[in-house]
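Heads up, the thing below is written out as C-alpha cells.
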Amino acid sequence: MYSEKVMDHFMNPRNVGEIESAEAVGEVGNAKCGDIMKMYLQIDENDVITDVKFKTFGCGSAIATSSMATEMIKGKTVKEALKLSNKAVAEALDGLPPVKMHCSVLAEQAVKAAIFNYAKERDLYYEELEGFDPTEDGHDHGHEEE
Amino acid sequence: MYSEKVMDHFMNPRNVGEIESAEAVGEVGNAKCGDIMKMYLQIDENDVITDVKFKTFGCGSAIATSSMATEMIKGKTVKEALKLSNKAVAEALDGLPPVKMHCSVLAEQAVKAAIFNYAKERDLYYEELEGFDPTEDGHDHGHEEE
Amino acid sequence: MSKQIYFDYAATTPMKKEVLEEMMPYFNTEFGNPSSVHGFGRHGKTGLDSARDKIAKTLNAKSDEIFFTAGGTESDNWAIKGVAYANKNKGNHIITTKIEHHAVLYTCQALEKEGFEVTYLDVDEYGMINLDDLKNAIKDNTILITIMYANNEIGTIQPTKEAATIAKEKGIIFHTDAVQAYGNLTLDVNDLGVDLLSISAHKIYGPKGVGALYIRKGTKTKQLILGGAQEKRRRAGTENIPGIVGFGKAAEMAYENLEAHNKKLINLRDKLTKELLEKISYTRLNGHPTKRLPGNVNISFNFIEGESLLLSLDMVGIAGSSGSACTSGSLDPSHVLMAIGLDHETAHGSLRLTLGDFTTEEDIDYVIEKLPPIVDRLRQMSPLYEKVKGGNK
Amino acid sequence: MSKQIYFDYAATTPMKKEVLEEMMPYFNTEFGNPSSVHGFGRHGKTGLDSARDKIAKTLNAKSDEIFFTAGGTESDNWAIKGVAYANKNKGNHIITTKIEHHAVLYTCQALEKEGFEVTYLDVDEYGMINLDDLKNAIKDNTILITIMYANNEIGTIQPTKEAATIAKEKGIIFHTDAVQAYGNLTLDVNDLGVDLLSISAHKIYGPKGVGALYIRKGTKTKQLILGGAQEKRRRAGTENIPGIVGFGKAAEMAYENLEAHNKKLINLRDKLTKELLEKISYTRLNGHPTKRLPGNVNISFNFIEGESLLLSLDMVGIAGSSGSACTSGSLDPSHVLMAIGLDHETAHGSLRLTLGDFTTEEDIDYVIEKLPPIVDRLRQMSPLYEKVKGGNK
Ligand SMILES: Cc1ncc(COP(=O)(O)O)c(C=O)c1O
Ligand SMILES: Cc1ncc(COP(=O)(O)O)c(C=O)c1O
C-alpha cells in the first residue's frame with residue numbers, strides 16, 4: 001500500500017529527536033485520531049532553519065511525512081518553509097494512499113504551528129500564516145460516501 | 001432422487017395402455033398441475049379385477065406410481081383394490097421424495113375414481129368410497145413453509 | 001451410464017481449468033484478508049484489484065463501479081432493494097416484467113408488501129417487452145425500472161438500450177439482470193446507459209457463489225449486507241478472494257473469445273432447433289427465433305410432461321432442464337412460459353437445452369438421434385396424446 | 001523478505017490441503033446445479049447434503065436446521081433482520097452488546113433507523129457482559145437478544161448459555177455470532193439453548209465466501225436473499241457447492257482435533273502473553289485472562305500507534321493486526337477497545353496476534369525476540385513517551 005519512499009522514511013526516519021533550545025516548537029494532532037506530530041526548529045538570525053527534529057506518534061505515513069517534511073525545510077528560510085504544501089510532501093514520497101493524505105496535511109501543519117509559535121513570541125508577521133489556526137487538525141480521513 | 005424401483009417402473013412401466021371395453025374407467029389430476037392419470041379396469045362377475053391398464057401424463061413418479069398401483073390391484077377384488085393406500089404404493093416403490101408424495105395420492109385416487117364410476121353406473125355401494133370425491137385432486141405438493 | 005453430455009449451461013457451467021489455476025494460489029498461499037496491514041493481506045488485495053479491473057474492462061465500466069457479491073441473486077436483491085430504499089423519498093413505484101428471474105420477481109413482491117407499488121410488464125409471444133407499454137407504465141413516482149437483459153428460460157434478448165434510454169429521459173434509475181447475457185453478449189454499460197447491472201461468475205465458467213453488481217457512479221443506493229468496510233463500505237463480508245480472482249479470469253476469457261464462441265453456439269443452436277422441430281410433431285420453439293441467447297434452445301413437446309422427459313434423457317446421458325413445475329416441486333409451471341401465452345399442458349412439456357463452450361456437433365447429433373423416440377414413448381403413455389393421434393400424423 | 005509468519009488467524013485462515021482436495025471434484029466434474037434433474041446436479045446435491053450433515057453434527061443440530069450463506073456477515077445480517085421483521089407484531093426491542101462485530105452492530109443500527117429500539121449492553125474491563133444488566137434490559141416488547149459467543153478482537157468468551165437461558169425464560173429469541181468460537185470451542189446448540197447461531201468457513205481453514213446460519217426448528221424468521229427455491233426456500237442463489245463441501249470438511253477436521261488444537265494454542269498463547277508483558281513496560285493484556293479464545297493475544301503498548309507497529313512487524317515477517325483506526329482509515333479506534341474502557345491513546349497502541357494450527361513454538365519465540373526492540377524504536381520517536389520516560393524505567 002505504501003511506496004518504497006514512504007517505507008524508507010518510516011524505517012529510517014530522518015531528523016528524529018528533540019532540540020532542547022529550539023526557537024520554534026509546534027505540536028498538532030491528537031491521540032483520539034491516532035496521530036500527534038511535534039516539530040522542533042532551530043532558526044538563525046537570518047531566518048534560516050538550520051536544524052529541525054520531530055517526534056511523532058502515529059501510523060507509518062505519519063512518521064514518513066514528518067521525516068520528509070523535516071528534510072524539505074531544513075536549510076530553508078522560514079518564509080520558504082511556510083510554502084511547504086501537504087501535496088509537495090506527499091509527492092516527494094511518491095504519493096500516499098487516499099486515506100492517508102491527512103498525514104501530509106498534518107506534517108504541513110506541524111511546520112506551520114512551530115513557526116506560528118515562533119512568530120507569536122517574537123511578534124513577527126508572516127503573510128503565509130494568515131488564517132492559520134494551530135488548533136485545527138485538518139482531519140479528513142478520506143471517508144467514502146455511500 | 002428416485003429409488004431404483006421408481007426408475008424401473010418409470011423406464012419399464014407395467015400395464016400401459018387402454019382397455020377398449022373396460023368396466024371401470026377413471027381419470028384424475030389436471031394439466032395445470034402437470035399430472036393426469038387415467039385408469040382402465042376390467043372387472044369380472046366376481047368383482048375381481050382381471051386386467052388393468054393406465055395412461056399417465058406426468059412426471060417420473062406419476063408414471064411409476066401408476067405402474068405400481070396397477071400391479072398392486074391386478075387380480076384383486078374391487079373391495080381389496082379400494083383398500084390400496086397411497087402410502088402402500090409409495091412403500092412398494094421404496095419410497096418417494098416428499099415433494100412427490102402427491103403422485104402416490106393421485107394413483108390411489110385414480111383407482112378409486114375408476115371404481116367410483118363403475119359403482120355409479122351399476123348402483124353398487126362400497127363403504128370404502130364413502131366421502132370420496134372424484135373431482136378433488138388431493139394436490140399437496142409438499143410446500144415448505146417459511 | 002457411460003456417455004454424459006451436459007446441456008444445462010444456463011443453470012451453471014463447469015469451471016475452466018485456467019480459472020482454477022488462477023485461483024489456486026489464493027486458497028492457501030496468498031490467502032490473507034485484503035484489509036490487513038501485512039504481506040498476506042496485500043497479496044490478496046492485489047488479486048482483488050486486478051479482478052475488479054478485468055471485469056470493469058469487459059463492461060466498459062470504471063473499476064470503482066464494480067462491487068463483488070455472492071452471486072447473481074444477491075446482486076439482484078441488492079440492486080432493487082438498494083435503489084428502492086435509497087430513493088423512497090422520491091417515489092415508490094417500480095416497473096419490471098412478468099418474466100424476470102425469481103431473484104428480481106420475489107424481491108419486487110416483497111417490496112409490494114412493504115408499500116411499494118410494482119408494475120409487471122407483459123411480454124409478447126416471443127417473450128419481448130413492448131417499449132410503448134414501458135413508456136405508458138411510467139408515472140411521476142417511478143423510481144426504478146428493472147428489466148432483464150436476456151431471459152434464462154427462453155433466451156429472449158430485450159431491447160435494453162432502448163428501455164434504458166426511456167428511463168434516462170425521465171430521470172429514472174435503470175437496472176438490468178444481465179446474469180445470462182454476461183459472457184455471451186457484448187455489454188457496454190455506457191452505450192447501454194444502464195445504471196445498475198447484475199452478473200454472476202458460475203454462468204461463465206467461473207466459480208459458484210461469486211457475482212458482482214455494476215453501480216454507475218452517482219447512483220443512490222443503500223447497502224444490503226452490513227458490517228465490515230469491504231467494497232468501499234457498500235458490501236460487507238470478508239472478500240472471497242479466490243472466487244473473485246476466478247471470476248476475473250473467467251470474464252477475461254469469455255470476452256477474449258466472444259465472437260468465435262457466439263458463432264459456434266448459434267450454428268449448433270439453430271441446427272438443433274431446426275432438426276427437432278422438423279423431426280417431432282406437435283412442438284414449438286419458445287422464445288424469439290433470432291433475438292435469443294446464442295446457446296439457448298427451448299422447445300415444448302405437447303402431451304408429455306417435462307420431468308419425465310428429463311429423466312428419460314438422463315438415462316441416455318443427456319442433461320437438460322425444463323420449465324415444468326414437476327422439476328421444482330411447485331404447483332405451477334414456469335411463470336415465463338405462462339407469460340408468453342402457453343397453456344399449462346404445453347408449458348409442462350417444455351425442454352430447455354442450453355449449449356456452451358464444451359458442446360460439440362456430435363453432442364447435437366446425439367440429441368437429435370435420441371430425443372424423438374423418447375418423446376414418442378412418453379406420448380404413447382399419455383392420455384392427452386390418444387385424443388389427437390387419430391387426426392394428424 | 002524471507003521469513004513470513006502468520007499471526008492473523010482471527011482475520012482469516014489458509015485453507016487446509018485436505019479441504020481443497022475435497023472441493024476439487026466439484027469445480028468441474030460434479031459441477032451441476034443441485035436443483036437439476038440429471039446426474040451432474042444429483043452429484044452436487046450429494047455433496048451439499050453431506051456437508052450439511054457434517055456441520056449439523058459439529059453443533060449437535062439437525063441437518064435441516066443448517067442454512068448455507070455467503071459468510072458470517074450474511075448470517076448475522078439475516079439472523080437479526082430475519083427475526084426482527086418476522087416478529088415485529090410482537091415487539092420492536094432488540095438487545096445486543098457494545099462489542100459485537102460490525103455485521104451485528106451496523107445491522108442493529110440500521111434497524112434503529114427503521115423504528116426498532118436497540119439496547120447496547122456495556123461490558124466490563126475484560127469485555128464481559130453482566131447477566132443482571134441483561135435481565136434488567138429485557139422489556140415486554142423485546143423480541144431478540146443477540147450476543148456474540150467470543151469476541152474477534154480481544155477473545156473474551158461470553159456466558160452464552162446463561163444468557164440464552166434468560167432469553168428462553170422470557171420467550172425471547174436468542175442469536176449468537178459464533179464466527180470466532182466455531183471450530184475453536186465446543187458448541188452444542190441444544191445445551192446452549194440458542195435459537196440462531198452464525199458461523200463462517202474461512203475462519204476454520206475452509207474457503208472464503210461461505211458461512212451458515214443455524215436456525216432452530218420453529219424459529220420465526222424472514223428471508224434476507226430472495227429468489228430461487230434453494231435452502232428450503234429460505235436462502236436463494238445457486239449453491240456454492242465446492243465452497244460448501246469445503247466448509248463441511250473444514251468443520252469435520254476442526255472438531256476431530258479440537259482438544260489437541262486447544263491445548264497447544266492455549267500453551268503458546270499464554271507463553272506469548274506472559275513474555276511480552278514481562279519484557280515490555282507500559283503494556284496491558286486486553287480481554288479476559290482465561291475466558292478467552294485459545295489463539296487470541298491482544299496487548300496494548302502505550303505511547304505508540306498500532307499501524308506503525310504492524311508495519312514494523314511486517315518488515316521482520318510477522319503478520320498481525322491492530323485495533324487502531326489507522327489500519328482501517330477511519331477516525332476512531334476499535335469500538336471494542338473503547339468499550340472495555342481504554343483511552344484513545346492506549347486503544348491506538350493495541351496489537352492483536354492470533355495463533356492457529358500452523359503456529360509453532362519457534363514462531364512464538366521469534367515474536368518474543370523481535371517485538372521489544374520494535375516497540376522501543378517507535379517509543380523513542382513518540383512525543384508521548386518523552387513525557388513519562390523520565391519517571392519509570
Ligand atoms: C437471469 C438470472 N438472474 C439471476 C440468477 C441468479 O444467479 P445466482 O445463481 O448466481 O444467484 C440467475 C441464475 O440462477 C439467472 O439466470
Ligand atoms: C465475530 C465475527 N462476526 C462476523 C464476522 C464476519 O464473517 P465473514 O468475514 O465470514 O463475513 C467475523 C469476521 O470477519 C467475525 O470475527
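So that the names make sense, note that chain A is the first sequence line, chain B the second, and so on, each numbered from 1.
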Acceptor/donor pairs from residues 121-128 of chain A side chains to any protein atom, 3.5 angstrom cut, sequence neighbours excluded:
{"residue": "A/Arg122", "atom": "NH1", "partner": "A/Tyr118", "partner atom": "O", "Å": "3.4"}
{"residue": "A/Tyr125", "atom": "OH", "partner": "A/Glu130", "partner atom": "OE1", "Å": "2.5"}
{"residue": "A/Tyr126", "atom": "OH", "partner": "A/Asp47", "partner atom": "OD2", "Å": "3.0"}

statement: Rounded to the nearest 0.5 angstrom, the OG1-CG distance for A/Thr56 and D/Leu384 is 10.0 Å
- prompt: Just by modelled atom types, is the A/Phe57 backbone N or O under 3.5 Å from a matching donor or acceptor in the D/Glu305 side chain?
  reply: no
- prompt: Which pair of heavy atoms, one from D/Ser382 and one from A/Lys55, lies closest together, and at what distance?
  reply: O-CD, 3.7 Å
query: What is the distance from atom CD of D/Glu345 to atom CD1 of A/Ile36, rounded to the nearest 0.5 Å?
result: 7.0 Å
- request: Would you check if the side chain of D/His348 reaches a backbone N or O of A/Lys32 as a donor-acceptor pair within less than 3.5 Å?
  value: yes
- request: For atom OH of D/Tyr126, decide whether the heavy atoms of other residues, nucleotides or ligands shown that lie under 6.0 angstrom number more than 12.
  value: no
query: Is it the side chain or the backbone of D/Leu311 that comes within 4.5 Å of chain A heavy atoms, both, or neither?
result: both
task: Compare every heavy atom of D/Arg377 with every heavy atom of A/Met11, then report the nearest pair and how far apart it is.
output: O-NH1, 3.0 Å
- prompt: NZ of A/Lys79: more than 12 outside heavy atoms within 6.0 angstrom?
  reply: yes
query: With sequence neighbours left out, what residues match D/Arg235 under side-chain hydrogen bond (donor to acceptor under 3.5 Å, both in side chains)?
result: D/Glu74
query: Any side-chain heavy atom of A/Phe10 sitting closer than 4.5 Å to one from D/Ser312?
result: yes
- prompt: Given that the side chain runs from C-beta out, which part of A/Met7 has a heavy atom under 4.5 Å from chain D: side chain, backbone, both or neither?
  reply: side chain
- prompt: If you look at every heavy atom in A/Gly58 and D/Ser308, which pair is closest and at what distance?
  reply: O-OG, 3.0 Å
field: Point-to-point distance, once rounded to the nearest 0.5 Å, from CG of D/Leu309 to SG of A/Cys59
entry: 12.5 Å
task: Could you tell me whether the side chain of D/Met381 reaches within less than 4.5 Å of the side chain of A/Ile63, counting heavy atoms only?
output: yes
